[in-house]
Amino acid sequence: MSKVYERIKKCLECFKERIDFTPDIGLVLGSGLGDYAEGIKIVSTLDYKDIEGFPVSTVLGHKGRFVFGYVGNVKVVIMQGRVHYYEGYKMEDVVLPIRLMKMMGAKILFLTNAAGGVNFDFHAGDLMLISDQICMAPSPLIGENPDELGVRFPDMSNIYNKELREIVRQTAKRLEIPLQEGVYIQLTGPNYESPAEIRMVRTLGADAVGMSTACEAIAANHCGLKVVGISCISNMACGITDKPLTHAEVQETADRTAPLFKKLVTESIIALAEKL
Ligand code: HPA
């Protein structure tokens, strides 16, 4: 058994000892969506710190726990707080929760985040369906391959599942929620980018920039989870306006957009579950 797999298996046993629940969809909550989990029908919760070997996030305002419950009739596991590479964790730690959710039984992974708008057509407060990604952080698959989870050289031609994306698109249309679409680029952070870096990532084809998500999507594809992702454009990226960027601004816009974002997430989960 690979060491990576062995470690996650221990986390899984820890979960199974406490909770009898098989989720169908895993949801990762980004900035602004943190309290989404409190609005669902909660069956149980599990603090990250109570799972042996589980990386615990250090970012202020990020709650660290899994919430298990129902969105409509759909069984979900929600990550209230994620682990970021910029906190100093190894990539293996950053994606451990994703792999764990797969081993809990999830088939679809729904990723959300706050991101800076790189595309000039975007505005702060927009929602963006992630169509594809560029991962400028190290691949989470570097190192010994956990063969139990996936192959050494996995395909990445459909990271954000085409069929599931169409469902989210249709859901947004039905709810009359405007939805941008574009490529997400993950940089390591934690500093925001320079104006030159934003020009660079625009040239590379990115529409939005952030510090999470892409590595999680790679690990998810590797282990056979189907992925969808939505970014809240919490600010226009550096250099587009003259205003310096602050975490407070990012948080404020994400909070303001949250009601619409939550509605889209809820209705998308219900629609996506029909594909299970
Ligand atoms: N850059 C990187 N990450 C972010 C940003 C940004 O402008 N906004 C929210 N997360």
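Counting starts at 1 for both ligands and their atoms, in listed order.
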Enquirer: Does Arg202 pair with Asp207 as a salt bridge, N-O distance under 4.0 Å?
Expert: no
Enquirer: Between Arg169 and Glu166, is there a side-chain N and carboxylate O pair less than 4.0 Å apart?
Expert: yes
Enquirer: So, is the end of the Arg99 side chain (NZ or CZ) under 6.0 Å from the ring centre of Tyr5 and within 45° of the ring's axis?
Expert: no
Enquirer: Do we get Lys41 above Tyr70's six-membered ring, with its NZ or CZ under 6.0 Å from the centre and within 45° of the axis?
Expert: yes
Enquirer: Show me, by chain and number, every protein residue that has a heavy-atom distance under 4.0 Å to ligand 1.
Expert: Ala114, Ala115, Gly116, Tyr192, Glu193, Val209, Gly210, Met211, Ser234, Asn235, Leu245, Val250
Enquirer: For Ser2, run the side-chain hydrogen bond (donor to acceptor under 3.5 Å, both in side chains) check against Glu148, Lys9, Glu144, Arg7 and tell me which one passes.
Expert: Glu148
Enquirer: Could you work out, with ring-ring contact (aromatic ring centres under 6.0 Å, His included) as the rule, every residue matching Phe15, not counting sequence neighbours?
Expert: Phe68
